Amino acid sequence: MEENVIAVVAGHKITEEEVTHYIQTLPREQQVYATQPQFRDYCKEQIIALYVLAEEGKEEKLDESEEFLTQIEKAKQDILAQMVLRNIMKEVNVTEEEAKAYYEANKHNYQKGATVSAKHILTDSEEKCKEILAFIQNGEKTFEEAAKEFSSCPSSQRGGDLGQFGKGQMVKEFEDAAFAANIGEVVGPVKTQFGYHLIKVEKKNEACEAPFEEVKVKVMNEIAQKKREQVYSEKMTKLKEKFVEK
């Protein structure tokens, strides 16, 4: 058999390239398995099955049936419509200058929420939490040392560091305590579904407007979508006037 040809069905040569193309048409969550030989073999079998079944359909003369001919006409309509839409949308483009102007006029829509950077210590009881707090307050241990020694959270290896987080990213009790705490202050015990926490806020960032560079792609996508909707609406109006009988 020729190189890259994996099977021949009724004279049609199924190639490795055809298998690759088939995989590319699959949902994105399935494409991640493309490098696995077993998955590729499965796809090969699916393609072979498709051609084999189609050939059987021809032998049964199903391609001459009214149902088949109706489906072919519908497929033609769908393909032509998609091709026209693709050509229409080629007209849509967004420049960086447009994006900057749009951003300046709509800055209020591009807010960065308030965030805090915090460390914590997690224990399974309020009593243990209070004991650790006493060690920290009397200077026997730093917060970071206590986190490494006593915290049951994986962040203990980083001295309890959770990094930066915004509202809605932590459970409510923890979030409320962290956002209410003063920088450098140790608060707690704070009870959550995970246990009892001591929290130390390292830094606070107030809500602010996101800089243009951070949201440029989002802005350009929003403008492009608005343009696509406008172009589509205008084109449909013209086409309806042209083809729809009143």
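Excluded from the calculations below are hydrogen atoms, water molecules and symmetry mates; all remaining heavy atoms, backbone and side chain alike, are included. In this text the structure is predicted, and so the values were computed from the model without any measurement.
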**Request:** Could you tell me whether the side chains of Asn205 and Thr115 share a donor-acceptor contact shorter than 3.5 Å?
**Result:**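 Looking only at side-chain atoms, Thr115 and Asn205 do form a donor-acceptor pair, the distance falling under 3.5 Å.
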**Message:** Checking side-chain polar atoms at under 3.5 Å, does Arg228 have a donor or acceptor matched by the opposite partner on Gln225?
**Reply:**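 Yes, side-chain donor-acceptor contact under 3.5 Å.
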**Asked** Which word best sums up how the rings of Phe174 and His120 line up, parallel for under 30°, tilted for 30 to 60°, or perpendicular for over 60°?
**Response**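 Phe174 vs His120 ring planes: perpendicular.
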**Asked** Should the ring pair Tyr103 and Tyr110 be called parallel, tilted or perpendicular, given that the plane angle runs from 0 to 90° and is split at 30 and 60?
**Response**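 Ring orientation of Tyr103 relative to Tyr110: tilted.
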Is a side-chain N or O of [X] found less than 3.5 angstrom from the main chain of [Y], in a donor-acceptor match?
X: Arg40; Y: Glu16; answer: yes
X: Glu98; Y: Thr95; answer: yes
X: Gln31; Y: Leu26; answer: yes
X: Lys203; Y: Ile183; answer: no
X: Glu175; Y: Gly168; answer: yes
X: Ser155; Y: Asp161; answer: no
X: Glu145; Y: Thr142; answer: yes

**Item:** Lys112 and Pro211, any side-chain heavy atoms less than 4.5 Å apart
**Value:**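 In contact.
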Minimum heavy-atom distance between [X] and [Y], given as atom pair plus value:
X: Val201; Y: Ala181; value: CG2-CB, 3.9 Å
X: Ile47; Y: Val19; value: CD1-CA, 3.6 Å
X: Asp63; Y: Phe68; value: O-CD2, 3.0 Å

[X] and [Y] ion-paired at < 4.0 Å:
X: Glu222; Y: Lys226; value: no
X: Glu73; Y: Lys76; value: yes
X: Lys100; Y: Glu104; value: no
X: Glu91; Y: Lys235; value: no
X: Lys200; Y: Glu202; value: yes

**Prompt:** Is it true that Phe39 and Val32 fall in one hydrophobic cluster, defined by side-chain heavy atoms closer than 4.5 Å?
**Reply:**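 In one cluster with Phe39: Val32, yes.
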Heavy-atom count check: over 12 atoms from other residues, nucleotides or ligands less than 6.0 Å from [X] [atom1]?
X: Lys227; atom1: NZ; value: yes
X: Glu185; atom1: CD; value: yes
X: Glu67; atom1: CD; value: no
X: His21; atom1: NE2; value: no
X: Glu60; atom1: CD; value: yes

**Request:** May I ask you to check if Lys119 and Phe143 form a cation-pi contact, with NZ or CZ under 6.0 angstrom from the six-membered ring centre and within 45° of the axis?
**Result:**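 Ring-cation test returns no.
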**Request:** Go through the steps for Ile23 and Tyr33 under the test side-chain contact (heavy atoms from CB on, under 4.5 Å), then give the verdict.
**Result:** CA-CA 9 Å; Ile23 292 172; Tyr33 302 109; over 6 Å; no
